[in-house]
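Worksheet for the structure shown next.
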Amino acid sequence: MIAFVSGPVAALAPDSAVVEVGGIGIAVQCTPDTLSRLRQGENARLATSLVVREDSLTLYGFADDDERQVFELLQTASGVGPRLAQAMLAVHSPDALRRAVASGDEKALTAVPGIGKKGAQKLLLELKDRLGAPVGSPARPAAGLAPGPAGWRDQLHAALVGLGYAAREADEAVEAVAPQAEAEADPQVGRLLKAALQTLNRAR
């Protein structure tokens, strides 16, 4: 198993990063929040989880070991594959997921694209004794976005489409949070994504 990758960031895409390790570019699938902390040309260290399928090898990257552990635990629930587990971590931090499961918060889980009411109820039952209690780790540090006045729009739109929303829904959500983003000197993709998801959930 590849436990982590460390090296300069060679390239960034809406849902992945390429980290150069020993002269080899390693493609790593990441959440928007994790990607927003990375800068091309700067060194990065990502905890990783390798998912092996008959026709593919996919490496998923995380900000820390706790996030990777939760990603792997989520997949022990029936019906949860790596893509859905990553979507859950794109919407909620590891501790937020632990709190949601511990308190039986269906609404928090249905905020994740691809999880309906029945699916949330099933996940709450299956994960109750697996995720454990919140560890009380400090909140994720706020992450700045790539330079450029409209950079946050492209990143946010790509993140929403990557989570399964239609382009039209993503456009509407981006416009809904635009006043909040433009009021900030340094818009933060993690916070904007959460605000956009709340907007989409209210519109359902």
Side-chain angles (χ1 to χ4, degrees), residues 1-5 15-16 28-37 45-54 56-143 159-165 169 173 189-204:
M1 175 181 166
I2 302 173
F4 70 89
V5 294
D15 61 354
S16 65
V28 187
Q29 301 290 312
C30 303
T31 65
D33 187 65
T34 298
L35 287 170
S36 71
R37 306 182 197 190
R45 183 186 188 279
L46 296 171
T48 56
S49 178
L50 180 64
V51 176
V52 180
R53 293 287 185 265
E54 288 186 5
S56 66
L57 295 173
T58 306
L59 197 62
Y60 289 84
F62 309 93
D64 53 41
D65 292 336
D66 182 44
E67 195 170 72
R68 176 184 61 198
Q69 182 182 25
V70 170
F71 171 79
E72 293 173 347
L73 286 171
L74 290 171
Q75 292 176 74
T76 64
S78 58
V80 178
R83 296 291 292 180
L84 183 56
Q86 188 179 51
M88 293 171 76
L89 285 165
V91 177
H92 300 295
S93 69
D95 259 5
L97 283 172
R98 292 187 182 102
R99 284 192 294 270
V101 171
S103 63
D105 188 352
E106 289 179 21
K107 189 175 181 181
L109 294 187
T110 56
V112 179
I115 299 181
K117 184 177 176 64
K118 289 184 178 179
Q121 292 171 344
K122 186 177 178 182
L123 284 172
L124 289 172
L125 287 173
E126 290 195 36
L127 294 171
K128 187 171 184 180
D129 298 320
R130 301 182 193 180
L131 290 188
V135 297
S137 57
R140 293 170 174 171
L160 291 168
V161 171
L163 286 172
Y165 287 99
E169 292 178 304
V189 71
R191 188 160 58 200
L192 291 174
L193 177 61
K194 289 178 175 60
L197 288 168
Q198 289 172 356
T199 299
L200 288 164
N201 290 335
R202 284 197 297 268
R204 284 181 177 177

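Note that the structure is predicted; figures quoted are calculated from it, not measured.
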**Asked** So, for Phe62 and Leu89, which heavy atoms are closest and what is the spacing to 0.1 Å?
**Response** CE2-CD1, 4.2 Å
**Complete:** The reported gap from CG in Asp65 to OG in Ser49 (rounded to nearest 0.5 angstrom) is 11.5 Å
**Asked** Does Ser103 use its side chain to pair, donor to acceptor, with the backbone of Arg99 at less than 3.5 Å?
**Response** yes
**Prompt:** With distance as the sole criterion, is a donor-acceptor pair present between the side chains of Gln29 and Thr58 under 3.5 Å?
**Reply:** no
**Prompt:** In Å and rounded to the nearest 0.5 Å, what is the CG to CG distance from Leu97 to Leu74?
**Reply:** 6.0 Å
**Request:** Might you point out which heavy atoms bring Ala111 and His92 nearest each other, and give the distance in Å?
**Result:** CB-NE2, 4.4 Å
**Whether Thr110 side chain and Lys117 backbone form a donor-acceptor pair below 3.5 Å** = no
**Item:** Any Ser78 side-chain heavy atom under 4.5 Å of Lys122 side chain
**Value:** yes
**Message:** So Leu124 and Gln121, do their side chains get closer than 4.5 Å, heavy atoms only?
**Reply:** no
**Item:** Side-chain touch Pro82/Arg53, heavy atoms, less than 4.5 angstrom
**Value:** yes
**Item:** Short side-chain donor-acceptor distance under 3.5 Å, Thr76 and Arg130
**Value:** yes
**Item:** Distance, nearest 0.5 Å, that separates CG of Leu123 from CD of Glu106
**Value:** 10.5 Å
**Request:** State, yes or no, whether a side-chain contact exists between Leu59 and Val5 at a heavy-atom distance under 4.5 Å.
**Result:** yes
**Message:** With a 4.5 Å cut-off on side-chain heavy atoms, are Leu84 and Val112 touching?
**Reply:** yes
**Complete:** What one should report as the nearest heavy-atom pair of Pro113 and Val91 is CD-CG2, 4.2 Å
**Item:** Atom pair SG/CD of Cys30 and Gln86 - distance to nearest 0.5 Å
**Value:** 7.0 Å
**Request:** Mind checking the CG-OG spacing from Leu35 to Ser16? Nearest 0.5 Å is all I need.
**Result:** 7.0 Å
**Fill in**
Output for pair (Leu131 CG, Glu126 CD), nearest 0.5 Å, gives 11.5 Å
**Item:** Heavy-atom side-chain proximity of Pro94 to Phe71 below 4.5 angstrom
**Value:** no
**Request:** For residues Val28 and Tyr60, report the shortest heavy-atom separation together with the two atoms involved.
**Result:** CG1-C, 3.6 Å
**Asked** Cation over ring, Arg45 on Phe4, under 6.0 Å and within 45°?
**Response** yes
**Request:** Check the pair Asp64 / Arg68 against salt bridge (charged side-chain N to carboxylate O under 4.0 Å, His left out), numbers first and verdict last.
**Result:** CA-CA 7 Å; Asp64 53 41; Arg68 176 184 61 198; over 6 Å; no
**Asked** Val70 versus Met88: any side-chain heavy-atom pair under 4.5 Å?
**Response** no
**Prompt:** For Leu73 and Leu127, what are the C-alpha separation, side-chain angles and deciding distance, and is it a side-chain contact (heavy atoms from CB on, under 4.5 Å)?
**Reply:** CA-CA 8 Å; Leu73 286 171; Leu127 294 171; 5.8 Å; no
